[in-house]
Amino acid sequence: MIKTKTLEILNSTLKRCGERGLFQIPSGFEIQLEVPRVDAHGDFATNVALTLAKPNRCSPRDVAASFVEQLADGDGFFARVEIAGPGFINLVISPSAWFQILDEIHRLDLNYGRSHLGHGRYVQVEFVSANPTGPLHVGHGRGAAVGDALASILEATGHRVEREYYINDAGTQIETLGRSVFLRYQQLLGRQVDFPETCYQGDYIQVRAREMQEIHGDSYLNVAEEEALPLFSDYAGKRILDGIRNDLQEFGVNYDKWFSEKSLYENGAVDRVIETLKAAGHIYEKDGALWFRSTALGDEKDRVVVRANGMTTYFASDLAYHQDKYLRGLDLVIDLWGADHHGYVDRMYAGVMALGKEREALRLLLVQLVNLLRKGQQVAMSTRAGEFVTLREVIAEVGRDAARFIFLTRRSDSPLDFDLELAKEKSADNPVYYVQYAHARISSIIRLAEEQKLALDEKEKLDFNRLELPEEIALIKQLSLYPEVVENSARFLEPHRIPYYLTQLASAFHSYYKHHRIIQDDLALAQARFNLVQAIRVVIRNGLGLLGVSAPEKM
RNA sequence: GCGCCCGUAGCUCAGCCCGGAUAGAGCGUCGGACUUCGAAUCCGCAGGUCGCAGGUUCGAAUCCUGCCGGGCGCGCCA
């Protein structure tokens with residue numbers, strides 16, 4: 001890559017300066033290389049001279065001058081080297097070096113942008129994990145889009161990745177679900193029963209109740225609630241989970257594993273993790289309950305793991321779940337949580353550390369709320385009353401690509417406005433179409449070239465030197481940044497960087513396309529440009545791929 | 001009260017982790033561009049005390065401190 005090579009040259013130059021005693025180099029000194037905002041400042045700029053000036057007690061421009069003098073560049077890699085402003089060294093890379101990027105993109109094709117950053121580290125992304133007590137809503141959709149994209153990005157950067165869904169199929173919520181269905185079932189059979197507010201109100205409860213009636217008739221009408229509950233809970237939970245699986249699959253999300261919370265109780269993992277913590281001295285007894293001393297590990301208060309009544313808490317099963325993850329050999333566990341869980345973050349990190357892992361072995365990402373709008377007006381949503389917009393409805397209305405892309409345009413820890421009308425609009429308001437359109441346009445050029453048998457693909461006649469326009473070099477530079485964007489996206493666990501980059505790239509392409517013809521009489525020029533736009537298409541397609549968004553050839 | 005996150009153009013946001021030269025997009029406003037590869041596009045104009053105040057630095061949207069404003073969280077609930 002161009003940047004790495006530039007850095008190599010600068011480092012060897014610095015070493016030479018040190019050896020020849022031109023100036024002192026503090027130990028641990030590292031050269032900073034950046035892409036300047038202003039084109040006039042070159043392709044790369046470094047502030048070495050500014051930072052070395054002080055320890056050497058001389059002016060930055062003098063340091064820069066001796067540095068540049070030592071800068072050997074036998075193969076013409078740099079087209080120009082300049083000292084500017086207070087002492088920046090601006091570097092302009094020669095076009096021929098940039099042209100190599102195009103070859104690289106075509107050679108690597110689908111693999112362009114992939115890297116070995118992760119060195120095969122075993123990473124799990126656990127996301128959505130909604131309770132199987134109701135259908136997925138828009139907020140879950142955001143978690144799904146972010147989690148899935150993140151997993152893809154990590155895969156692309158050399159991590160071994162696993163997608164997991166944690167099913168909360170134990171505890172009171174699932175019981176409440178069973179009770180809700182049971183009560184509706186009784187009502188269907190004509191019995192007058194109170195339907196408490198604490199039960200789930202949505203229509204989907206009625207649906208399950210009717211199904212139970214179809215399967216079992218009235219045989220549970222006179223059965224006591226405690227007796228009927230396991231069956232009703234189990235059935236409703238399974239059916240709803242099937243729905244969730246279905247919705248996610250239609251959204252393009254496929255999990256490697258669906259992990260049951262109940263299994264942790266059944267196989268004794270919950271008891272085991274408490275024993276582990278006890279043995280390590282993290283547990284004490286107070287007021288008849290067992291407490292986890294999480295304050296010792298950065299939490300603001302200690303947490304109960306076994307209540308005075310002998311029941312374990314939700315946190316206890318979460319500890320067991322995470323212990324299980326690490327026993328499976330995971331190097332890094334990434335959990336995506338709804339933002340309302342953020343009071344829970346510190347205790348989870350504390351828990352993981354108490355289990356003997358580094359804090360860095362866990363990354364909790366909070367996904368903020370989705371604010372659903374229609375033409376700028378807030379769409380009312382109330383989960384309790386069962387009035388919410390489901391993910392399924394949103395996909396049906398705006399489509400999978402638009403939904404995914406919009407979910408990914410903002411950093412996930414800030415709230416997101418999602419306007420249903422805007423998402424459907426086929427215009428520049430809607431960044432999905434903007435990027436996809438660029439891909440479709442290029443595809444259309446390629447189709448045309450094929451139809452006219454223009455032989456634009458013949459490599460032996462290809463002369464990149466015909467790409468002389470500043471816009472063309474700028475486009476290649478932008479393409480060369482793509483692998484770095486993906487790597488940074490993985491490093492910071494921030495998928496939103498990719499939609500942002502793609503929008504910029506699409507914009508540069510659209511502008512270029514408008515001003516210059518690709519296909520034209522000058523065959524050599526046409527070939528060079530054709531090759532360039534093909535490279536753009538490769539990058540757009542690869543980028544959209546990471547987001548789970550399609551790259552259409554026609555729209 | 002304590003803790004976490006946020007505050008950048010009229011609106012929605014990127015940039016902050018790792019300080020750099022004149023702070024960027026899109027939308028919206030206004031005005032332009034289709035006989036030529038897809039106008040779902042492009043071009044131009046206008047729009048900023050980067051919440052406020054200090055500090056560190058040759059240099060701060062970026063790092064530190066305090067304050068102001070907004071959001072969320074603080075159960076032997078899940």
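These figures come from a predicted structure and were not determined experimentally. To find a chain, count down the sequence lines: A is the first, B the second, and so on, and within it residues start at 1.
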Lys/Arg N to Asp/Glu carboxylate O, A:Lys325 vs A:Glu164, below 4.0 Å: no

Sugar-phosphate only, base, or nothing, as touched by A:His496 at under 4.0 Å among non-hydrogen atoms: sugar-phosphate

Touch class at under 4.0 angstrom, heavy-atom based, for A:Leu290 against every strand present: nothing

Charged N-O contact under 4.0 Å between A:Arg541 and A:Glu553: no

Sugar-phosphate, base or nothing in reach of A:Glu553, heavy atoms under 4.0 Å: base

For B:G7, the Watson-Crick or wobble counterpart (both distances under 3.5 Å): B:C68

Sugar-phosphate, base or nothing in reach of A:Arg303, heavy atoms under 4.0 Å: nothing

Distance-only donor-acceptor test (3.5 Å): side chain A:Asn47, base B:G20: yes

Salt-bridge criterion met for A:Glu450 and A:Arg447 (N-O under 4.0 Å): no

Complement of B:A40, any strand, by Watson-Crick or G-U distances under 3.5 angstrom: none

Geometric cation-pi criterion A:Arg303 and A:Phe292, 6.0 Å radius, 45° cone: no

A:Tyr500 over B:A25, stacked by centroid distance under 5.5 Å, angle under 30°: no

Sugar-phosphate only, base, or nothing, as touched by A:Asn309 at under 4.0 Å among non-hydrogen atoms: nothing

Under 5.5 Å and under 30°: A:His41 stacked on B:A21: yes

Syn or anti conformation of B:C72, syn meaning chi within 90° of 0: anti

